[in-house]
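Reckoned from all heavy atoms, side chains included, excluding hydrogens, waters and symmetry mates. None of these values were measured; they are calculated from a predicted model. Quick note on labels: first sequence line is chain A, next is B, and so on, each numbered from 1.
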Amino acid sequence: MRQVTQTIHTHSLGNGLVLVAEPIPSLESAAFSFLIPAGCCSDPPDRHGLTAFTCEMALRGAGPRDNRAFVEALENLGVERHESVSVEHTVLAGASLASHLPDALTLYSDLLRAPHLPPVELEAGRMVVLQELRAIEDEPSQKVMMELRRRQFPDPWGRSSQGERDALEAITIDEIREQYRKLYRPNGTILGVAGRFDWPQLKDHVERVLGDWKTVAFQRPQESKAPQKHAHVAFESNQTQIGIAYESIPYRHPDYFRAWGSVGVLSGGMSSRLFTEVRERRGLCYSVYASLQTQRERAGVFCYAGTSERRAQETLDVTIAELSRLAEGIEAAELDRLKARIKSGLIMQQESSSARSSAVARDWYHLGHVRTLDELGRLVDELSCDSINSFLSEHPPRDFAVVTLGSSPLQVPA
Amino acid sequence: MERLQHELDNGLTILVEQNAEAHSQALGFFVQTGSRDESEVESGVSHFLEHMAFKGTPTRTADDVNREFDEMGAHYNAFTSEELTVYYAAVLPECQQACLSLLADIMRPSLRQDDFDTEKQVILEEIQMYEDQPPFSADDKCKALHFGSHALAGSVLGTADSITRLTSKQMNAYFQRRYNPNNMVLAGSGRVDFENLVRQTEQICGSWPSVPSERTITRPTPSGGYQTIKRPTATQQYLLQMMAAPAGEDDDRIAAKLLAAIVGDDTGSRVYWELVDSGLAESACLAHHEFQGAGVYVSYLCCAPDQASENLKRLEEIYRIVEQSGVQQAELDQAKTKIKSRIVLGSERPRNRLFSVGGNWASRREYRTVQDDLRDVDAISVTEVHAVLKKYPLSGATTLSIGSLDETQGPGRPPAAPAHRASDL
């Protein structure tokens with residue numbers, strides 16, 4: 001693999017927050033990504049959606065600025081921002097011209113440490129989270145995958161962050177403030193930064209604005225079993241949505257790249273098996289894919305296909321047959337293509353500060369260190385058909401969770 | 001960054017923005033053809049043809065095409081719009097030769113009958129998919145209403161009916177008419193070996209016959225109409241509005257983009273504070289889109305059906321106030337900062353720059369650097385924003401509403417459209 005000079009800086013604050021930063025001096029921009037250990041796995045049983053609602057409220061004024069002044073301050077820095085809540089994290093990410101990075105981080109430190117969570121904004125915030133929940137009702141492909149995750153992972157790990165309507169309607173400002181106090185904390189928070197910056201200055205700045213943030217003790221959520229693995233959701237639409245999932249291994253597992261490689265053979269480029277067999281040869285659908293989704297302790301492969309009702313059964317049968325056939329092994333040519341794609345993808349990632357800032361933060365969360373391109377290149381080079389095939393014979397795709405959404409249910413092949 | 005350019009005898013232009021610092025390169029054929037170049041019976045053929053390009057050539061099967069792209073680790077795809085069909089790939093510099101060889105080859109596809117029949121099913125599925133997804137093809141429907149009999153009214157995907165009837169013979173005739181070297185540009189960005197690129201392009205594309213491809217460009221007369229489409233199962237109500245705006249070749253298009261950002265960007269704009277921050281709408285925004293000879297402001301609103309009527313009034317009130325009182329310097333400054341930041345962030349990857357390099361050449365025969373874009377945004381004054389607003393007001397839109405509401409339940413028909421200004425241009 002071609003050499004790209006790469007340095008990774010890390011700095012642990014006394015309160016447990018970890019700053020992980022990768023300078024990319026050829027870029028004009030800098031990007032950051034806060035992984036805050038505030039995921040919807042911590043939603044109380046009767047308050048699904050509380051963590052997402054808390055994130056929505058945290059943006060409505062912080063430190064010396066009210067809601068409007070806060071957003072305008074970010075706009076005046078030209079920060080392209082993005083917030084999301086996953087099962088394990090609240091993610092606050094942004095990118096801007098490099099010179100604005102320190103000011104942007106100051107604003108975000110206010111958000112993390114001194115959000116107003118203003119009662120006067122509660123109803124507007126509630127309407128926003130309810131609107132988001134309603135919008136999903138019109139998105140059949142999203143709905144089917146949400147239901148699939150719920151059936152693949154034990155609760156709370158299969159939850160979606162948007163929550164439930166009754167809970168969102170009942171949440172009070174006190175509950176939001178309590179959730180904030182419990183979950184927003186430096187211990188467990190990772191700040192990934194990438195792009196053009198001066199490391200000593202960045203480190204000092206982060207110490208200054210986040211160094212005296214107080215730690216909070218944390219409790220792990222209780223687990224309970226996932227519901228039954230097969231389900232049909234009645235939905236009036238032209239197409240039937242099909243979701244299929246099976247268990248895999250997480251990013252931190254030593255065999256992860258074998259699992260990842262096998263999914264790459266299924267669904268990566270347009271010569272991958274699912275695209276070739278389901279779409280190109282049979283013309284059964286426009287969209288078909290599989291992806292390996294990893295949490296820290298568990299992972300699953302999630303496949304999707306959307307097709308018209310009369311061809312849905314064939315699509316399900318062909319897709320499951322392809323997943324099962326994977327256990328018979330992959331071929332050398334498939335692996336070569338996979339390696340080429342992974343390597344060019346890794347190198348091209350260096351051209352985006354946003355992509356790298358989230359990658360370094362994610363690596364730190366899963367591994368406690370950042371894999372350099374050299375290390376990743378080596379891991380990819382080490383992959384062989386034999387190693388992937390022996391993994392596949394030990395972990396054949398099976399015990400599928402299958403969720404369909406459309407006018408009539410399908411027969412899940414044995 | 002360096003601009004490098006060469007024209008083949010048959011009219012094919014090669015235009016490259018060279019960046020020796022880049023890790024990768026992107027190459028793309030930008031064919032000046034799209035739904036606006038289709039006759040009624042050909043509706044959807046440009047997009048269908050784009051799919052067929054990947055189905056093989058005289059020397060490659062469909063499997064070969066996909067396999068070879070994957071072998072070089074390419075990030076590749078294609079898309080079709082109203083006036084452009086683009087095939088592109090981002091690769092590591094050492095794959096340039098293989099990449100060009102493949103991209104250029106698929107510009108001369110075989111269009112085999114059995115592939116055509118199989119791919120037709122995929123296109124029909126794609127049409128069904130968009131019919132199931134918000135905003136349920138409202139954009140196509142609003143465009144049809146807004147542009148009326150103008151060529152821009154046609155759908156890029158076509159309809160289930162037009163695709164079902166389309167024959168491979170019609171596609172072939174369309175291909176002969178449109179895929180000519182003087183009607184396309186080969187664009188490149190990133191770390192490109194220009195000398196070899198030119199030599200190889202001469203070899204592969206030099207023999208393509210030069211046949212003129214024409215496009216009639218007339219200014220549309222927007223309808224200002226209003227239509228409700230009932231979709232009883234939809235949870236949210238979706239509203240799309242289009243208003244006349246500067247065209248791709250008009251100098252005031254940058255002022256129009258800044259105006260749209262001030263009024264209706266998806267964060268920090270007037271519409272954002274009134275409708276989105278308040279939770280009255282799931283989303284609401286205003287943007288400027290440009291074509292050759294035409295432009296539109298597009299406003300989009302998605303909210304609960306029982307709030308749609310009130311929200312539309314709020315939106316129109318925002319437009320009325322900005323027409324009456326104009327914009328503030330501070331708003332313009334904020335919009336400029338935001339847009340300039342997006343330009344820089346959006347230009348870091350060669351595969352992103354490619355679309356600027358190829359797109360600007362295809363629509364305006366112009367090469368623009370990132371600095372050109374930044375400078376032009378900086379130069380806009382409040383006076384220019386007011387001028388574009390006067391020439392292209394936001395009121396008097398063509399409106400399309402889709403969702404569970406029917407005509408009688410509102411949202412009410414907006415005030416009668418003022419006499420249209422398209423003829424003044």
Worked check of side-chain hydrogen bond (donor to acceptor under 3.5 Å, both in side chains) between A:S352 and B:E348: CA-CA 7 Å; A:S352 162; B:E348 289 188 328; 5.8 Å; no
Trace of the side-chain contact (heavy atoms from CB on, under 4.5 Å) decision for B:L280 with A:M127: CA-CA 7 Å; B:L280 290 168; A:M127 281 167 72; 3.7 Å; yes
Would B:Y130 and A:N238 count as a side-chain contact (heavy atoms from CB on, under 4.5 Å) if you check the C-alpha gap in whole Å, the side-chain angles of each, and the deciding distance to 0.1 Å? CA-CA 10 Å; B:Y130 284 113; A:N238 294 310; over 6 Å; no
With salt bridge (charged side-chain N to carboxylate O under 4.0 Å, His left out) as the criterion, how do A:E80 and B:K338 come out once you've worked through the C-alpha distance, each side chain's angles and the decisive distance to 0.1 Å? CA-CA 8 Å; A:E80 287 284 290; B:K338 183 157 56 180; over 6 Å; no
Step by step, work out the side-chain contact (heavy atoms from CB on, under 4.5 Å) result for B:I123 and A:Y286. CA-CA 7 Å; B:I123 307 278; A:Y286 173 73; over 6 Å; no
Working note: B:Q236 + A:Q131, criterion side-chain hydrogen bond (donor to acceptor under 3.5 Å, both in side chains); need CA distance, chi angles, decisive distance, verdict. CA-CA 9 Å; B:Q236 298 280 64; A:Q131 291 277 4; 3.0 Å; yes
Could you walk me through whether B:W273 and A:V71 pass the side-chain contact (heavy atoms from CB on, under 4.5 Å) check? CA-CA 10 Å; B:W273 288 112; A:V71 172; 3.7 Å; yes
As a quick check of understanding, evaluate salt bridge (charged side-chain N to carboxylate O under 4.0 Å, His left out) for A:R68 and B:D277, giving each step before the final call. CA-CA 9 Å; A:R68 186 152 189 145; B:D277 178 75; over 6 Å; no
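Ranking B:F54, B:F69, B:Y272, B:Y238 against chain A, the residue ahead of the rest is B:Y238, based on heavy-atom pairs under 4.5 Å. Between chain A and the options B:A62, B:C302, B:A90, B:A330, the largest number of non-hydrogen pairs under 4.5 Å is found for B:A90. Between chain A and the residues B:E68, B:E126, B:R351, the most heavy-atom pairs under 4.5 angstrom are made by B:E126. Each of B:E131, B:H75, B:K120, B:K340 has some count of heavy-atom pairs under 4.5 Å with chain A, and the biggest count is that of B:H75. Among B:D132, B:N77, B:T267, the residue making the largest number of heavy-atom pairs under 4.5 Å with chain A is B:D132. In terms of non-hydrogen atom pairs under 4.5 Å with chain B, the most contact-rich of A:S96, A:A31, A:G306, A:S26 is A:S96. The candidate from A:V79, A:V128, A:N67, A:L97 with the greatest count of non-hydrogen atom pairs under 4.5 Å with chain B is A:N67. The choice from B:K336, B:E71, B:R342 that makes the most heavy-atom pairs within less than 4.5 Å of chain A is B:R342.
If you measure heavy-atom distances from A:A30 to chain B, you find no contacts under 4.5 Å at all. B:A335 does not touch chain A: none of its heavy atoms, backbone or side chain, sits under 4.5 Å away. For chain B, the nearby part of A:R282 is the backbone; its heavy atoms alone come within less than 4.5 Å. Looking at A:D336, there are no atoms closer than 4.5 Å to chain B (heavy atoms on both sides), in backbone or side chain. Of the atoms belonging to A:E56, not a single heavy atom falls under 4.5 Å from chain B. Contacts between A:L77 and chain B at a heavy-atom distance below 4.5 Å involve the backbone alone (N, CA, C, O). With a threshold of 4.5 angstrom between heavy atoms, A:L130 does not approach chain B through any atom at all. Heavy atoms of B:K55 lying under 4.5 Å from chain A belong exclusively to its side chain. Looking at B:M72, only its backbone comes within 4.5 Å of chain A, counting heavy atoms on both sides. Of the two parts of B:V65, neither the backbone nor the side chain holds a non-hydrogen atom closer than 4.5 Å to a non-hydrogen atom of chain A. Heavy-atom distances place the backbone of A:S272, and not its side chain, under 4.5 Å from chain B. Both the backbone and the side chain of B:Q334 come within contact range of chain A, judged by heavy atoms closer than 4.5 Å. The contact between B:Y76 and chain A is made by backbone and side chain atoms together, counting heavy-atom distances below 4.5 Å. Only the side chain of B:Q307 comes within contact range of chain A, judged by heavy atoms closer than 4.5 Å.
Proximity of A:R134 to B:E282: side-chain heavy atoms (C-beta onward) are nowhere separated by under 4.5 Å. Two residues are said to be in side-chain contact when any heavy atoms from C-beta on lie closer than 4.5 Å; A:T276 and B:N66 fail this criterion. Between B:E125 and A:R279 there is no side-chain heavy-atom pair separated by less than 4.5 Å.
A:Q239 and B:Q128 share no donor-acceptor pair across their side chains, judged by distance under 3.5 Å alone. Looking only at atom types and distance, the side chain of A:E351 has a donor-acceptor partner in the side chain of B:S24 under 3.5 Å away.
Contact detail for B:G268 and A:E75: the closest heavy-atom pair is CA-OE1, 3.6 Å. When all heavy atoms of B:S341 and A:G78 are compared, the pair lying nearest together is OG-O, 2.6 Å.
Rounding to the nearest 0.5 angstrom, the gap separating the CZ atom in B:R67 from the CD atom in A:E334 is 12.0 Å. Between the CG atom of B:L124 and the OG atom of A:S308 there is a distance of 8.5 Å, given to the nearest 0.5 Å. Rounding to the nearest 0.5 Å places OG of B:S283 at 10.0 Å from CD of A:E132. One distance of note links OG of B:S347 with CG of A:L27; it measures 9.5 Å at 0.5 Å rounding. Taking NE2 of B:H23 as the start and OG of A:S344 as the end, the distance is 13.0 Å to the nearest 0.5 Å. Atom-to-atom distance recorded for A:S237:OG and B:M129:CE is 13.0 Å, nearest 0.5 angstrom.
A distance-only check finds a donor-acceptor pair linking the side chain of A:D138 to the backbone of B:T235 [under 3.5 Å].
Residue A:E169 qualifies as enclosed at atom CD: its count of foreign heavy atoms under 6.0 Å is above 12. The number of heavy-atom neighbours closer than 6.0 Å to CD of B:Q97, taken from other residues, nucleotides and ligands shown, is 12 or below. Around the CD atom of B:E21, the shell of radius 6.0 Å holds no more than 12 heavy atoms that belong to other residues, nucleotides or ligands. Counting heavy atoms of neighbouring residues, nucleotides and ligands inside a 6.0 Å radius, atom CZ of B:R375 exceeds 12 of them.
Tested against A:S271, the residues B:D63, B:D64, B:D70 include a single side chain to side chain donor-acceptor pair (under 3.5 Å) partner, B:D70.
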